[in-house]
Amino acid sequence: MKIDRIKLLNIDKNTLEFIEKSCQRDGFYTFSSEDAHDERERIVSTSGSHNCGGRCVIKAHVKYNRIVRISTEDDIPDTEKVPQLRGCLRCRAYRNRIYNCDRLKYPMKRIGKRGEGKFKPITWQEALDITADNLKRIMHKYGPDSIYIQYATGNEGKLSEKAWMKRLLGMYGGYLSYYGNYSTACTQTATPYTFGTIYTGNSREDWVNSRLIILLGFNPADTIHGTNTAYYLKMARNAGAKIISIDPIYSNTAVALADKWIPVRPTTDNALMDAMAYVMIEENLQDQKFLDRYCVGFDESHMPSGIPGGNSYKNYILGEDGSKISKTPAWAETITGIPRETIVELAREYALTKPAALIQGFGPQRHAYGEQVARGGTVLAAMTGNIGISGGWASGTGYPVENIYAASIPYYNPNKSEISMFSWPDAIVRGKGMGADLSVRGAKKLSSSIKLIFNLGGNCLVNQHTDSNGTAGILRDEDLVKFIVTNDQFFTASAKFSDIILPSDDMMEREDIVTPWDVGSYLLFMNKAVDTVFQCRNGYDWIGELAKRLGLFDRFTEGRSLNEWVEYLIEETAKKNPDFPSCSEFKKKGIYRRSYEKPSIAFKKQIEDPLHDPFPTPSGKIEIFSNRLWGMNNPEKIPAVPKYISAWEGPEDPISRKYPIQCIGHHSKRRVHSTFDNMGWMEEVERQQVFMNCEDARVRHISDGDMVKVFNSRGTVIIPVKVTARIMPGVASIPQGAWWTPDKNGADRRGCINVLTRYKPTPLAFGNPSHTSLVEIKKV
Ligand SMILES: Nc1nc2c(c(=O)[nH]1)N[C@H]1C(S)=C(S)[C@@H](COP(=O)(O)OP(=O)(O)OC[C@H]3O[C@@H](n4cnc5c(=O)[nH]c(N)nc54)[C@H](O)[C@@H]3O)O[C@H]1N2
Ligand SMILES: Nc1nc2c(c(=O)[nH]1)N[C@H]1C(S)=C(S)[C@@H](COP(=O)(O)OP(=O)(O)OC[C@H]3O[C@@H](n4cnc5c(=O)[nH]c(N)nc54)[C@H](O)[C@@H]3O)O[C@H]1N2
Ligand code: SF4
Ligand SMILES: [Mo]
């Protein structure tokens, strides 16, 4: 056998042995004789299309139709103005993923009970017949509200499976859509109540003009948050900016870039913000001219008409409203855990250092009342006059104003019903008749519960949503959802809860166009590096086959091959970007970059000429007090001015006596959510463990490296512990994304934090409070 392959591959014995040994060591599937045709090393420019926080230039070195090495952008000068788009550890270790032995190799059909994990291989023909039959039957019986394309971010390319499925289902009568996302549900919903938009960020090049940068739950050293974001922070620091990190964790960003770390108890940022506002008001440090000119609702003399007295932001802060509590630093100290002197100092520093940027990550808003954090930051930015100016930052969502247009696959969904992406368990259990109180938009009430789910490149069915045990229970009930299809590369927890599993090709096995992750002025072309393996197929290919079975093939494809669709999208993109290269040039270079003369500044126009360029809010001003929120008549949970609301399962919840530790699940550098969890190389980078403070460990007789049980009423996780002073007392973190692996008693043995989190949508956004849960930790 070996001799044959040596001959076939035309490589020497030592090389083959080396490859085979390293395959075994790394858990790769072995080299195949079909790979022999490709002997010369080629370098293919590609990129990642996961929801990883960045989008970089990735170069696959290909030989024998195998990726033998991965490098990154190194062929342009690395200048301050145009830094290289260099990849992080995950794409660089990608061979460990693409060649992983556990890749799904053929379609499978469930044979045991749903969730039991028993499947048998079937042909594509059979898998697509079964899928088409179920789709026809369910659409006919229950209508489009019953068909759901699950939130799924494994493939964020322009030609992803979900894009094709939306197109097909739109043609077939429609489907139930969702709004919002697991990343930014609260800030996307709340920030527009202040500014009328989520595009509140200056370009990152402008950070060098800030003298003070406050990072609120922002950790781009690990989360990337746009390739090179940490680099721009470093530039700002080199230019003299002071950087403060406010985070329960002494994050890698804080270690590398911050001058100061202020630990804060999760869910309590608004108490800190309220007290900062208090100090500014008491010491008369607020930019009153700015507030008077551009804002509504700061004080009684700038309120919208018809609102009873005592409802301004200032009244709330000073306790001159219904609350009767002044939001003093002493008041905030007991809630946040931050010493009052630190709060006073921070407030003075932010008010007096001009210009200053208060930048929010998304962690602080992935909480029970995450809407308040987003809006709270915007008010502080207004009080300090840091909006619309170079070196300032309007806070809130912070998406950049400058974006490059990239065309998408056209689709039209005739069904207008929408739920929030987080509410799908409700849409399964209580879907028929479900209305606005449970997040429904577009229709008064849903006409059916969800009966069929397409889960295309996602692990939210069980792993990435909250309360994994709860959702597993819902999905196990075959009378509720009748049919679930998962398309993935691995046998994930969500795949396990499906009826049909379809193996997907990999991003390095196909062409696509990818956009920056939120921030960045470029588009990347993902060239195909290697052939697709086993029976894995491209989304366009199998969804096209499905279209045939529905009699929609010609309409669906418009006669285009996949390659022709790629070219069509490039042409459409080029129409709106006048300097766009030709198709072949774009493919060859792998990148289209745009540089700007000057950094862009959000709301510059509105600040320079407010009469001519009002803010896109109903009043045309920055709405510290929102009339629209007032009109919702739910002041306890949706106040008209941002307020600290004591969270369920926050530090003040009485059940903290039973479960005294706040457990969050930060995004760690070794994974993209649950993607990459099963890669041995990444486990070497950082094993999955719960981070716990030394003092909390000491009183529980727990030592570093012990196996511990992290539990609450919803579930149990048993994993090793990292005892460290890098997380504040009373807080633990289980990095989110580990694969749900229940033992026979139902305890998770891998560290899937979502067995501990709760399914309770936030009040305004119906978003996911994934970082809010109380637990207890014991040595096992
Ligand atoms: N390596 C890596 N990068 C990623 C991802 C990944 O999975 N892995 N995912 C990508 C995606 S899709 C997203 S949406 C983003 C997520 O980006 P973020 O949501 O910003 O990331 P998190 O780690 O959840 O939170 C950021 C920080 O907030 C802190 N934090 C948590 N709760 C609170 C709080 O109540 N107050 C304060 N002040 N801080 C708090 C955490 O300790 C953490 O350090 O990352 C993207 N980048
Ligand atoms: N507790 C807690 N839970 C969270 C979060 C948190 O902070 N805390 N963060 C939330 C956030 S911000 C997000 S965005 C979600 C993310 O949740 P998901 O969107 O579910 O992301 P992943 O877990 O990365 O799952 C992506 C899946 O796609 C597969 N995949 C990769 N490439 C391809 C491909 O080319 N084709 C196909 N078909 N499949 C592919 C991967 O193998 C993986 O199984 O998680 C959320 N869940
Ligand atoms: S940030 Fe994303 S695209 Fe860039 S190297 Fe890391 S995983 Fe790949
Ligand atoms: Mo996300």
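Just so you know, ligand 1 is whichever comes first in the structure, and atom 1 is the first atom listed for that ligand.
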Quick one: ligand 1 N/O to protein N/O pairs below 3.5 Å?
{"from": "ligand 1", "atom 1": "1 (N)", "to": "R90", "atom 2": "NH1", "distance (Å)": "3.2"}
{"from": "ligand 1", "atom 1": "1 (N)", "to": "D222", "atom 2": "O", "distance (Å)": "2.8"}
{"from": "ligand 1", "atom 1": "1 (N)", "to": "S668", "atom 2": "O", "distance (Å)": "2.9"}
{"from": "ligand 1", "atom 1": "3 (N)", "to": "C52", "atom 2": "O", "distance (Å)": "3.2"}
{"from": "ligand 1", "atom 1": "3 (N)", "to": "D222", "atom 2": "O", "distance (Å)": "3.4"}
{"from": "ligand 1", "atom 1": "7 (O)", "to": "H667", "atom 2": "ND1", "distance (Å)": "3.4"}
{"from": "ligand 1", "atom 1": "7 (O)", "to": "H673", "atom 2": "N", "distance (Å)": "2.8"}
{"from": "ligand 1", "atom 1": "8 (N)", "to": "R90", "atom 2": "NH1", "distance (Å)": "3.4"}
{"from": "ligand 1", "atom 1": "8 (N)", "to": "S668", "atom 2": "O", "distance (Å)": "3.2"}
{"from": "ligand 1", "atom 1": "8 (N)", "to": "R671", "atom 2": "O", "distance (Å)": "2.7"}
{"from": "ligand 1", "atom 1": "9 (N)", "to": "H667", "atom 2": "ND1", "distance (Å)": "3.1"}
{"from": "ligand 1", "atom 1": "9 (N)", "to": "H673", "atom 2": "NE2", "distance (Å)": "3.3"}
{"from": "ligand 1", "atom 1": "17 (O)", "to": "H225", "atom 2": "NE2", "distance (Å)": "3.2"}
{"from": "ligand 1", "atom 1": "19 (O)", "to": "G363", "atom 2": "N", "distance (Å)": "3.0"}
{"from": "ligand 1", "atom 1": "19 (O)", "to": "R366", "atom 2": "NH1", "distance (Å)": "3.1"}
{"from": "ligand 1", "atom 1": "19 (O)", "to": "R366", "atom 2": "NH2", "distance (Å)": "2.7"}
{"from": "ligand 1", "atom 1": "20 (O)", "to": "H225", "atom 2": "NE2", "distance (Å)": "3.4"}
{"from": "ligand 1", "atom 1": "20 (O)", "to": "F362", "atom 2": "N", "distance (Å)": "3.0"}
{"from": "ligand 1", "atom 1": "20 (O)", "to": "G363", "atom 2": "N", "distance (Å)": "3.4"}
{"from": "ligand 1", "atom 1": "23 (O)", "to": "H667", "atom 2": "N", "distance (Å)": "2.9"}
{"from": "ligand 1", "atom 1": "24 (O)", "to": "R366", "atom 2": "NH1", "distance (Å)": "2.9"}
{"from": "ligand 1", "atom 1": "24 (O)", "to": "H771", "atom 2": "NE2", "distance (Å)": "2.7"}
{"from": "ligand 1", "atom 1": "28 (O)", "to": "G217", "atom 2": "O", "distance (Å)": "3.4"}
{"from": "ligand 1", "atom 1": "32 (N)", "to": "H367", "atom 2": "NE2", "distance (Å)": "3.0"}
{"from": "ligand 1", "atom 1": "35 (O)", "to": "T267", "atom 2": "N", "distance (Å)": "3.0"}
{"from": "ligand 1", "atom 1": "35 (O)", "to": "D269", "atom 2": "OD2", "distance (Å)": "3.3"}
{"from": "ligand 1", "atom 1": "35 (O)", "to": "H367", "atom 2": "NE2", "distance (Å)": "3.0"}
{"from": "ligand 1", "atom 1": "36 (N)", "to": "D269", "atom 2": "OD1", "distance (Å)": "3.3"}
{"from": "ligand 1", "atom 1": "36 (N)", "to": "D269", "atom 2": "OD2", "distance (Å)": "2.7"}
{"from": "ligand 1", "atom 1": "38 (N)", "to": "I246", "atom 2": "O", "distance (Å)": "3.1"}
{"from": "ligand 1", "atom 1": "38 (N)", "to": "D269", "atom 2": "OD1", "distance (Å)": "2.8"}
{"from": "ligand 1", "atom 1": "42 (O)", "to": "D247", "atom 2": "OD1", "distance (Å)": "2.7"}
{"from": "ligand 1", "atom 1": "44 (O)", "to": "D247", "atom 2": "OD1", "distance (Å)": "3.3"}
{"from": "ligand 1", "atom 1": "44 (O)", "to": "D247", "atom 2": "OD2", "distance (Å)": "2.6"}
{"from": "ligand 1", "atom 1": "47 (N)", "to": "C52", "atom 2": "O", "distance (Å)": "3.2"}
{"from": "ligand 1", "atom 1": "47 (N)", "to": "T223", "atom 2": "O", "distance (Å)": "2.8"}

Using a strict threshold of under 4.0 Å (side-chain N to carboxylate O), is an ion pair present between [Y] and [X]?
X    : Y    : answer
K760 : E649 : no
K242 : D259 : no
R86  : D78  : yes
E511 : K528 : no

query = When I734 is tested against each of D748, V690, T757 for side-chain contact (heavy atoms from CB on, under 4.5 Å), which residue passes?
reply = V690

remark   = Atoms listed for atom 4 (Fe) of ligand 3 (protein only, N, O or S, under 2.8 Å, no waters) are C56 SG

message = If you compare all heavy atoms of Y178 against all heavy atoms of S420, which two are closest, and at what distance to 0.1 Å?
response = CB-C, 4.2 Å

inquiry  = For K637, I'd like to know if atom NZ has over 12 heavy atoms of other residues, nucleotides or ligands within 6.0 Å.
reply    = no

message = Within the supplied structure, the quantity of interest is the number of heavy atoms (other residues, nucleotides, ligands) at a distance under 6.0 Å from Y182 OH; does it exceed 12?
response = yes

Charged tip of R758 within 45° of W648 ring normal and under 6.0 Å = yes

